[in-house]
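Throughout, a chain's letter reflects where its sequence line sits, starting with A, and its residues are numbered from 1. Any value given below was found using the heavy atoms of this structure, including those in side chains, with hydrogens, waters and symmetry copies removed.
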Number of protein chains: 2
Amino acid sequence: MSAHVRPTSPPAPVAEPRWLDAEEQKAWRAWLYSAQLLMDRLDRELTHATGISHAYYEILVALSEAPERRMRMSELADRCLSSRSRLSHAVSRLQERGWVRREVCAEDGRGQLAVLTDAGFAALEAAAPVHVEGVRTHLFDQLTPEQVQNMRDVGETLLRHLGPR
Amino acid sequence: MSAHVRPTSPPAPVAEPRWLDAEEQKAWRAWLYSAQLLMDRLDRELTHATGISHAYYEILVALSEAPERRMRMSELADRCLSSRSRLSHAVSRLQERGWVRREVCAEDGRGQLAVLTDAGFAALEAAAPVHVEGVRTHLFDQLTPEQVQNMRDVGETLLRHLGPR
DNA sequence: GTAGCGTAGTTGAAAGCAGAACTATTCCGC
DNA sequence: GCGGAATAGTTCTGCTTTCAACTACGCTAC
């Protein structure tokens, strides 16, 4: 955000922008607003009820599902769509809470393993019902089975394009 | 995030959580991941190409569409799904760039108007093609017309539930 | 008119985050 | 085995966001 760069301001525009028509605008806005509002709502409710933000919750879930409840930092970052830096900070904070601990990786001296502690697992168990109830109330309860199917279809289609980052 | 509160830990659970089955899990994950990846991607590309984050872009768009390119702070915050505080900070930073200025509101001495400057409008004009191209490439180009319709339908349905914040 | 309450918006402190720079280890070719 | 590139992770810096005060004005009733 520090660079107010205008990119190679071309004397002639490279190509006419493919503007959105009114219908596309509506579709885009509906998607954007609903996505923002839903994520916001779920995060807020979870945080207020349990003290665990959705980002932290995702980390705990990933670890709880991993073999021996441990995972390499990079793998965990990918799984949580998080940057290395962000994950490193987040794990440090979870460590302060006693929910995660770090171990050096046996096979690779550079590597670190994030390990879910029993306390961390307990915290996750307490939070899970709150989270699932939020997803039900604000998402599944609002949609017909067909809409759910469509939502999944659109999501998976987009993932095929965006997925292999 | 500072309070690790467990909420009134009930001796007996209030109700059995309505867990997600495997299909629902997949639908939820597809939605969540695709939404995060898409927003992330659009924000990143826009920021790198123009120096304007998606959050700032939304503010500029809202102002550019408002009568006389000006809008009350609260109204603008609502329009951008932003907290008052966040918007106030953001407008201050846009003001430093010379893209927005504040005016006191004539009708209500408490009120402030955010006004888009000519420089701000020019910055928006430069950024808009980049933004629209991103939305096309990563969203509309990936979906069939039917999928777009479904996406809109789901979005609007969710909005009816989440909308009146 | 003025006390008390509600509303509009700002501010300050602390937490969170991205990106770049940095450290430490491994891998590879010779 | 050794120099250099690649990889794993952390740390540093600066920006952004949140939350909780706080200021200032308006509204209503007495």
Nucleotide [N], atom [atom2] - distance to [atom1] of [X] in whole Å:
{"X": "A:I52", "N": "C:dA15", "atom1": "CD1", "atom2": "C1'", "value": "17 Å"}
{"X": "B:E96", "N": "D:dC15", "atom1": "CD", "atom2": "C1'", "value": "11 Å"}
{"X": "A:R86", "N": "D:dA8", "atom1": "CZ", "atom2": "P", "value": "19 Å"}
{"X": "A:Y56", "N": "C:dG16", "atom1": "OH", "atom2": "C1'", "value": "7 Å"}
{"X": "B:L87", "N": "C:dT11", "atom1": "CG", "atom2": "C1'", "value": "14 Å"}
{"X": "B:D43", "N": "D:dC15", "atom1": "CG", "atom2": "P", "value": "16 Å"}
{"X": "A:H48", "N": "D:dA20", "atom1": "NE2", "atom2": "P", "value": "7 Å"}
{"X": "A:D40", "N": "D:dT17", "atom1": "CG", "atom2": "P", "value": "12 Å"}

Indicate, yes or no, whether a donor-acceptor pair under 3.5 Å links the base of [N] to the side chain of [X].
{"X": "B:H89", "N": "D:dC15", "value": "no"}
{"X": "A:S85", "N": "C:dC17", "value": "no"}
{"X": "A:S88", "N": "D:dT11", "value": "no"}

* Asked: Does B:R69 count as lying over the ring of B:F121, i.e. NZ or CZ under 6.0 Å from the six-ring centre, within 45 degrees of the axis?
  ->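 Cation-pi check for B:R69 and B:F121: passes.
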
* Judged by modelled atom types alone, do A:H138 and A:E45 share a side-chain donor-acceptor pair under 3.5 Å? ->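 Per modelled atom types, A:H138 and A:E45 side chains form a pair under 3.5 Å.
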
* Under 3.5 Å, is there a donor-acceptor pair between the B:R97 and B:Y56 side chains? ->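 Absent: no donor and acceptor within the cut-off.
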
State whether [X] and [Y] are salt-bridged, where the test is any N-O pair (Lys NZ or Arg NE/NH1/NH2 against Asp/Glu carboxylate O) under 4.0 Å.
{"X": "A:E107", "Y": "A:R72", "answer": "no"}
{"X": "B:K26", "Y": "B:D21", "answer": "no"}
{"X": "A:E58", "Y": "B:R29", "answer": "yes"}

* **Test applied, side-chain contact (heavy atoms from CB on, under 4.5 Å); reference residue, B:L63; option that passes from B:L124, B:L113, B:L116, B:T117** =>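 The passing option is B:L116.
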
* **Contact state string [nucleotides 3-8 of chain C, B base, S sugar-phosphate only, - no protein heavy atom under 4.0 Å]** => ---BBS

* Asked: Can you find a side chain N or O atom of B:R44 that sits less than 4.0 Å from OP1 or OP2 on C:dC17?
  ->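 For B:R44, the contact criterion (side-chain N or O under 4.0 Å from OP1 or OP2 of C:dC17) is not met.
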
* More 5' along DNA chain D: A:S92 or B:S83, using each one's nearest nucleotide? ->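 On the 5' side of the pair lies A:S92.
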
* Base, sugar-phosphate, or nothing for A:R93, non-hydrogen atoms under 4.0 angstrom? ->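 Counting heavy atoms under 4.0 Å across all strands, the contact made by A:R93 is with sugar-phosphate only.
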
